[in-house]
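First the structure, in the form of structure tokens, and then the observations on it.
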Amino acid sequence: MVNNRSENQETGNNTLTGSVPENSISRNTPYFLGVAFVFSICFAVAFYRNFIGLTFPLITAVTLAACALFLKKEGVAWKRSNWLYAGICMLLGISVFITTNMFVIFFNTVGILLLLTVLMMRQLYDDRAWSFGQYLGNMLFLYLNMIPEVAAPFVHLANYRKKHRGETKNKKAKYILTGVLIGLPMLIVIIELLSSADQIFSQVIGEACHKLFGQIVFSPNVFLVILLMIVGFFGIYSFFSALALRNMPQYASSLTKKNPLIAVTFLSMVAVVYVIFCGIQVMFLFTGGMLLPEGYTYAEYARQGFFQLMFVCSFNLILVVSCIAVFEENKALKTLLLLCSGCTYVMIASSAFRMVLYIHTYHLSFLRVLVLWFLAMLAVLMAGVAAAVTHPQFGLFRYCVAVVAVFYLVFSFGRTDALIAEYNVAHMGRDISYEDLQYLTRLSMDVVPVLSRFTFEHENGCQEENANSAGRDAYDSFEDWYYDGANGARTGQRGCRRCLLEQTFQNVLDKTKDMNIRTFHVSKYLARRAVLKR
């Protein structure tokens, strides 16, 4: 099952001095230390006070290149099917470069890490016989292995030095380094004492040393760079070291499954409730003229139900997958699982229908778009689950990875915040309320090109001269600007849509004024250009 070379399987003889099994990492320690060090520099350059700039897709490409170097040393040929995973990783990296929505950026980052893990596992192991649960378990196993492997650089270097001790001709460097480490703290203490003892020495030597250590050696910027390098170095090295262990659990070809009568019993109970619920949806909500309980509006009825239904749909997906994995095949069990899958589709339709009713009244928000997207993805996932019920050999894990990847790429590149702004402005126009406009301004910079097309007059007694007064520069935020709670004096007017937009646009200009090649970002550039063109 595992594509281990014979030399990796013979752990009894192939050990280094420290009784550590020899693998590609330990045999090529200087090479991988160099790779990790170069990667750490790239990592620091990419993320130093900049997480979403042009460097994000570049560090993604560097990570893929480092993985390719590891596989080359492992003697593993690149699988053509894994170009898809690498391509999706690069697309997610590019997506970070074109949006400032932190939700999307966070899950893009998580998605890249998970896809890299799957890619490397598929390269090193034969995963064709793995079930959905085995795949998840092996991914967790790999991550847990990375924890002790944080110490691997030190262990591998020590063993490598022991193995090649006879080849070392010059030991002076070790003694010099030891002397430097001893002398540095002594030097600091002596200079500090002498600086306080003599004013002239303090001006000549002491101040220079203070600047060296205070502004350079111990400065926050240097500390951040070093921290990023440490994270990058140990992160990539421990990942490769855990992979090189080739110690994934071996699974029996046929796992012992439980008696299906257990599942048939509890699924029968659940299915009865599902059928009744789905019948009510079909008769009263879909085809019954949208009959509602007395005292409910469409929006209130919708708001009451779609989150609960979404949870039940997600539970059904997990329930059916679990039953396939745990219980033996049985015709009655298959029938009940398909029935639950069919009822899940009715629930998905009901939840989506309720959400559409709610959006019709209260327009779009990020959460509402996310719910509709999730329900659409869930519907496609359930199709794969139904296929796994009828065809046990169906590659459910690969199917789920492909579906989630495609749907998430659509969501990631969809610039959801801009879509929300376009929809809400199109439906509310110049009648948009201050609260609705305030919600849009609190989204990412993706909405700025849309909002820049609108102008409003000052409202609620807010005068032009007051709005443009220099006094507002003394406040940190728009909330502080239009109402100084400490002094009880208004410097702007709460509820003025023009003031809100002006402050939003000014914040955009302030946050984008220092962009350079390393920190360049498409969404920030478009937002700045839209504001300057007003």
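All values below come from the heavy atoms of this structure, side chains included, with hydrogens, waters and symmetry mates left out.
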Open item on the list: Does F37 have more than 12 heavy atoms from other residues, nucleotides or ligands lying within 6.0 Å of its CZ?
Closed with: no
Open item on the list: Is it true that, when you exclude I517 itself, more than 12 heavy atoms of the residues, nucleotides or ligands shown sit nearer than 6.0 Å to its CD1?
Closed with: no
Task: Residues in salt bridge (charged side-chain N to carboxylate O under 4.0 Å, His left out) contact with K334, at least two apart in sequence or another chain - done: E329
Open item on the list: Tell me whether F141 at atom CZ has more than 12 heavy atoms from other residues, nucleotides or ligands lying less than 6.0 Å away.
Closed with: yes
TODO: I would like to know whether F47 and F43 meet ring pair (Phe, Tyr, Trp, His ring centres under 6.0 Å); could you show each step before the answer?
DONE: CA-CA 6 Å; F47 294 125; F43 190 85; 4.8 Å; yes
- [ ] Could you tell me whether the side chains of T55 and Y48 share a donor-acceptor contact shorter than 3.5 Å?
- [x] no
- [ ] Taking D436 for its side chain and N424 for its backbone only, find out whether a donor-acceptor pair lies under 3.5 Å.
- [x] no
Task: Reference residue S444; test side-chain hydrogen bond (donor to acceptor under 3.5 Å, both in side chains); the match among N101, T99, D417 - done: D417
- [ ] Could you check whether the rings of Y237 and H156 sit parallel, tilted or perpendicular, using 30° and 60° as the cut-offs?
- [x] tilted
Task: Y160 (side chain) donor-acceptor with P30 (main chain) under 3.5 angstrom - done: no
TODO: Flag the pair L319 / L267 as yes when at least one side-chain heavy-atom distance between them is below 4.5 Å, and no otherwise.
DONE: yes
- [ ] Return yes if some donor-acceptor pair links the side-chain N/O of T512 with the main-chain N/O of V508 below 3.5 Å, else return no.
- [x] yes
Task: SG-CG distance between C400 and L317, expressed to the nearest 0.5 angstrom - done: 7.0 Å
- [ ] Please check if the side chain of R368 supplies one atom and the backbone of I359 the other of a donor-acceptor pair under 3.5 Å.
- [x] no
TODO: For the residue pair Y408 and N108, confirm or rule out a side-chain donor-acceptor distance under 3.5 Å.
DONE: yes
Open item on the list: Are H427 and Y423, when compared by the centres of their aromatic rings, separated by less than 6.0 Å?
Closed with: yes
- [ ] With the side chain counted from C-beta on, respond yes when I94 and T60 share a heavy-atom pair under 4.5 Å apart, and no when they do not.
- [x] no
Open item on the list: Aromatic contact between Y135 and F397, with the criterion being ring centroids under 6.0 Å apart: yes or no?
Closed with: yes
TODO: Scan side-chain atoms only and decide if S238 and E149 contain a donor-acceptor pair under the 3.5 Å cut-off.
DONE: no
- [ ] Identify the heavy atoms of F266 and C323 that sit nearest to each other, and give their distance.
- [x] CZ-SG, 4.0 Å
Open item on the list: Within this structure, what is the CG-CG distance for the pair N259 and N330, rounded to the nearest 0.5 Å?
Closed with: 8.5 Å
- [ ] To the nearest 0.5 angstrom, please state how far the CG atom of L116 sits from the SG atom of C89.
- [x] 4.0 Å
Open item on the list: Y274 vs T344, test: side-chain hydrogen bond (donor to acceptor under 3.5 Å, both in side chains). Steps then yes/no.
Closed with: CA-CA 8 Å; Y274 281 176; T344 302; over 6 Å; no
Open item on the list: I'd like to know if the side chain of N145 and the backbone of L243 have a donor-acceptor N/O pair within less than 3.5 Å.
Closed with: no
Task: Test log, rule salt bridge (charged side-chain N to carboxylate O under 4.0 Å, His left out), inputs E422 and R415 - done: CA-CA 11 Å; E422 290 279 7; R415 291 173 60 84; over 6 Å; no
Task: For M121, the option from T117, L124, L119, V118 that meets side-chain contact (heavy atoms from CB on, under 4.5 Å) - done: T117
TODO: Measure the spacing between CZ of F233 and CG of L228 and express it to the nearest 0.5 Å.
DONE: 15.0 Å
- [ ] Using distance alone, with no hydrogens and no angle criterion, decide if N138 and Y125 have a side-chain donor and acceptor under 3.5 Å apart.
- [x] no
Task: Y85 side chain reached by V401 side chain, heavy atoms, under 4.5 Å - done: yes
- [ ] Verify, without hydrogens or angle tests, whether T519 (side chain) and N50 (backbone) share a donor-acceptor contact under 3.5 angstrom.
- [x] no
Open item on the list: Can you confirm whether C343 sits close enough to V275 that some side-chain heavy atom of one is under 4.5 Å from a side-chain heavy atom of the other?
Closed with: yes
Task: Gap between atom CD1 of I348 and atom SG of C313 - 0.5 Å precision - done: 4.5 Å
- [ ] Indicate the ring-plane relationship of W373 and F411, choosing parallel, tilted or perpendicular according to the 30° and 60° boundaries.
- [x] tilted
Open item on the list: Can you confirm whether W83 is buried at CH2, in the sense that more than 12 heavy atoms of other residues, nucleotides or ligands lie under 6.0 Å from that atom?
Closed with: no
- [ ] Start with the C-alpha gap between V425 and L440, add the side-chain angles, then the distance that decides, and say whether side chain to side chain contact (heavy atoms under 4.5 Å, CB included) holds.
- [x] CA-CA 10 Å; V425 168; L440 295 179; 4.2 Å; yes
TODO: Kindly compute the distance separating CZ (F315) from CD1 (I318), expressed to the nearest 0.5 Å.
DONE: 8.0 Å
TODO: Please find out if less than 6.0 Å separates the ring center of F234 from that of F154.
DONE: yes
Open item on the list: Determine whether C340 and N316 satisfy the following criterion, side chain to side chain contact (heavy atoms under 4.5 Å, CB included), listing intermediate values before the conclusion.
Closed with: CA-CA 7 Å; C340 288; N316 288 350; 5.5 Å; no
Task: CA sep, side-chain torsions, deciding dist, call: F107, L92, side chain to side chain contact (heavy atoms under 4.5 Å, CB included) - done: CA-CA 9 Å; F107 281 100; L92 291 178; over 6 Å; no
Task: K73 NZ/CZ over Y31 ring centroid, <6.0 Å and within 45° of normal - done: yes
Task: S523 versus D446, side-chain donor and acceptor atoms under 3.5 Å - done: yes
TODO: State, without any angle test, whether Q123 and N82 hold a side-chain donor-acceptor pair at a distance under 3.5 Å.
DONE: yes
TODO: Quick one: closest heavy-atom pair of F239 and C67, and the distance?
DONE: CE2-SG, 4.4 Å
TODO: Give a yes or no on whether the backbone of L261 and the side-chain of T265 come within a donor-acceptor separation of less than 3.5 Å.
DONE: yes
